[in-house]
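All ligand and atom numbering here is 1-based and tracks the order in the structure.
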Amino acid sequence: MKRIIAGVTGASGSIYAQNFIKRAAYLGIDLRLVTSDMGASVFKHETGESISVYIDKIKGSPDCRGDITFYDNSYMFADIASGSCRTEGMVIVPCSVKTLACVANGIAGTLLERAADVTLKEGRKLILTVRETPLSLVHLRNMTLAAEAGAVILPAAPGFYHSPASISDLADFITGRIFDQLNIEHGLDTAWKSI
Ligand SMILES: Cc1cc2nc3c(=O)[nH]c(=O)nc-3n(C[C@H](O)[C@H](O)[C@H](O)COP(=O)(O)O)c2cc1C
């Protein structure tokens, strides 16, 4: 089973987190999930259910072929706080500009931030699905810093050229792009086709 860490922070766009968690579970990924406090609050606000209820729902689905381990963000003794826990990489989806700032500047005060810091130091793929608009110079500089350190900035900005029929199609677009970065076959209809 491929192991991926996913962080959920308090940026708008919980639907991207929902979609990524579901697709990863259906693909048979060993998902290591951690949310910031605001990540959990915004998830509840935007989706109407707590992330732990959502995880249980996905785990109980007949389509679930993977596993989801849900960590407390204050538990710095967790395996994902160490580089010895080998993973294919980590995605922060959605990623707030506050967590972006922490990642870009090496601040690792929570498990989520520490796991991101570890992913960078181990030279593994770190994907930041940043969501904010407009962007200040501070945000842009932090994105540059993070990119220079090896992170992939993958904004929550879906394309529209694949004729999305639903919000879920838009979320699938971003999920597909995240899996592309992790080199994981996903079967989602997100690739451009010649016309
Ligand atoms: C409903 C709601 C929506 C938010 N949307 C965003 C957003 O899109 N991007 C962002 O960077 N922060 C957003 N915030 C602010 C973050 O939640 C806040 O900066 C928080 O401290 C981020 O902490 P975290 O990165 O540890 O989750 C939002 C807050 C709320 C209450």
Side-chain angles (χ1 to χ4, degrees), residues 4-21 24 31-55 68-78 80-81 87 89-121 125-160 164 167-175 177-178 181:
I4 296 171
I5 304 171
V8 176
T9 70
S12 186
S14 307
I15 189 170
Y16 295 118
Q18 264 187 331
N19 188 279
F20 182 79
I21 293 165
L31 191 64
R32 306 303 180 93
L33 186 67
V34 58
T35 76
S36 66
D37 291 351
M38 276 306 289
S41 297
V42 173
F43 188 99
K44 178 97 192 287
H45 175 75
E46 291 190 345
T47 70
E49 64 188 351
S50 74
I51 194 159
S52 48
V53 166
Y54 181 71
I55 291 165
I68 305 172
T69 306
F70 190 34
Y71 297 87
D72 184 321
N73 198 26
S74 65
Y75 189 57
M76 205 60 93
F77 289 85
I80 59 168
T87 69
M90 174 172 180
V91 59
I92 304 183
V93 56
C95 181
S96 73
V97 291
K98 178 262 190 175
T99 292
L100 164 71
C102 291
V103 170
N105 292 281
I107 297 166
T110 66
L111 180 60
L112 190 157
E113 293 159 8
R114 167 68 183 166
D117 200 53
V118 162
T119 301
L120 277 185
K121 88 177 169 72
K125 197 73 147 255
L126 176 66
I127 302 152
L128 306 178
T129 302
V130 178
R131 220 275 357 151
E132 189 48 277
T133 196
L135 295 165
S136 73
L137 187 57
V138 172
H139 305 149
L140 294 168
R141 285 202 168 121
N142 282 333
M143 284 194 212
T144 303
L145 271 179
E148 283 170 349
V152 172
I153 308 296
L154 194 152
F160 287 83
I167 294 178
S168 171
D169 288 347
L170 295 172
D172 269 344
F173 183 96
I174 296 299
T175 295
R177 284 291 196 268
I178 294 168
Q181 283 297 319

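- Here CG of Leu111 is found 6.0 Å from CG of Asn73. Values are rounded to the nearest 0.5 Å.
- A pairwise comparison of heavy atoms in Leu120 and Ala149 identifies CD2-O, 3.5 Å as the closest pair.
- In this structure, of Val42, Val103, Val8, the residue bringing a heavy atom nearest to atom 30 (C) of ligand 1 is Val42.
- Considering both main-chain and side-chain atoms, Val97 comes within under 3.5 Å of ligand 1 through a nitrogen or oxygen pair.
- Under the 3.5 Å distance criterion, the side-chain polar atoms of Thr9 are matched with a main-chain donor or acceptor of Pro94.
- Here CG of Leu140 is found 6.5 Å from OG1 of Thr144. Values are rounded to the nearest 0.5 Å.
- Protein heavy atoms are found less than 4.0 angstrom from atom 16 (C) of ligand 1.
- Ranking the protein heavy atoms by distance from atom 1 (C) of ligand 1 puts His45 CD2, 4.1 Å first.
- Ranking protein heavy atoms by distance to atom 9 (N) of ligand 1, first place goes to Arg131 O, 2.7 Å.
- Interatomic distance, SG of Cys102 versus CG of Leu112, reported as 9.5 Å (0.5 Å rounding).
- Set against the non-hydrogen atoms of Ser12, the atoms of ligand 1 under 4.0 Å away are 4 (C), 5 (N), 6 (C), 7 (C), 8 (O).
- Ranking the protein heavy atoms by distance from atom 19 (O) of ligand 1 puts Lys98 CB, 4.2 Å first.
- Counting the atoms of ligand 1 from 1 in the order shown, those under 4.0 Å from a heavy atom of Thr99 are 24 (P), 25 (O), 26 (O).
- In this structure, atom 13 (C) of ligand 1 lies nearest to the protein heavy atom Gly10 O, 3.4 Å.
- In Ser36, the part holding a heavy atom less than 4.0 Å from any atom of ligand 1 is the side chain.
- Taking any N or O of Met38, backbone or side chain, none lies under 3.5 Å from an N or O belonging to ligand 1.
- In terms of polar-atom proximity, Glu46 is not counted as a contact of ligand 1, lacking any N or O under 3.5 Å from an N or O of the ligand.
- Close contacts between ligand 1 and Glu132 involve ligand atoms 7 (C), 9 (N), 10 (C), 11 (O), 12 (N) [criterion: under 4.0 Å to a heavy atom].
- The backbone N or O of Ser14 lies less than 3.5 Å from a partner atom in the side chain of Glu46, making a donor-acceptor pair.
- Within 6.0 Å of atom CG in Leu135, more than 12 heavy atoms from other residues, nucleotides or ligands are found, so the atom counts as buried in its surroundings.
- A 6.0 Å sphere centred on CG of Asn105 holds more than 12 heavy atoms belonging to other residues, nucleotides or ligands.
- Listed here is the closest heavy atom pair of Tyr71 and Ala78: CD2-CB, 3.6 Å.
- Checking side-chain atoms of Asp72 against main-chain N and O of Ser74 turns up a donor-acceptor pair under 3.5 Å.
- Against a heavy-atom cut-off of under 4.0 Å, Thr9 is close to the following atoms of ligand 1: 25 (O), 27 (O).
- Residue, atom and distance of the protein heavy atom nearest to atom 22 (C) of ligand 1 are Ser96 OG, 3.8 Å.
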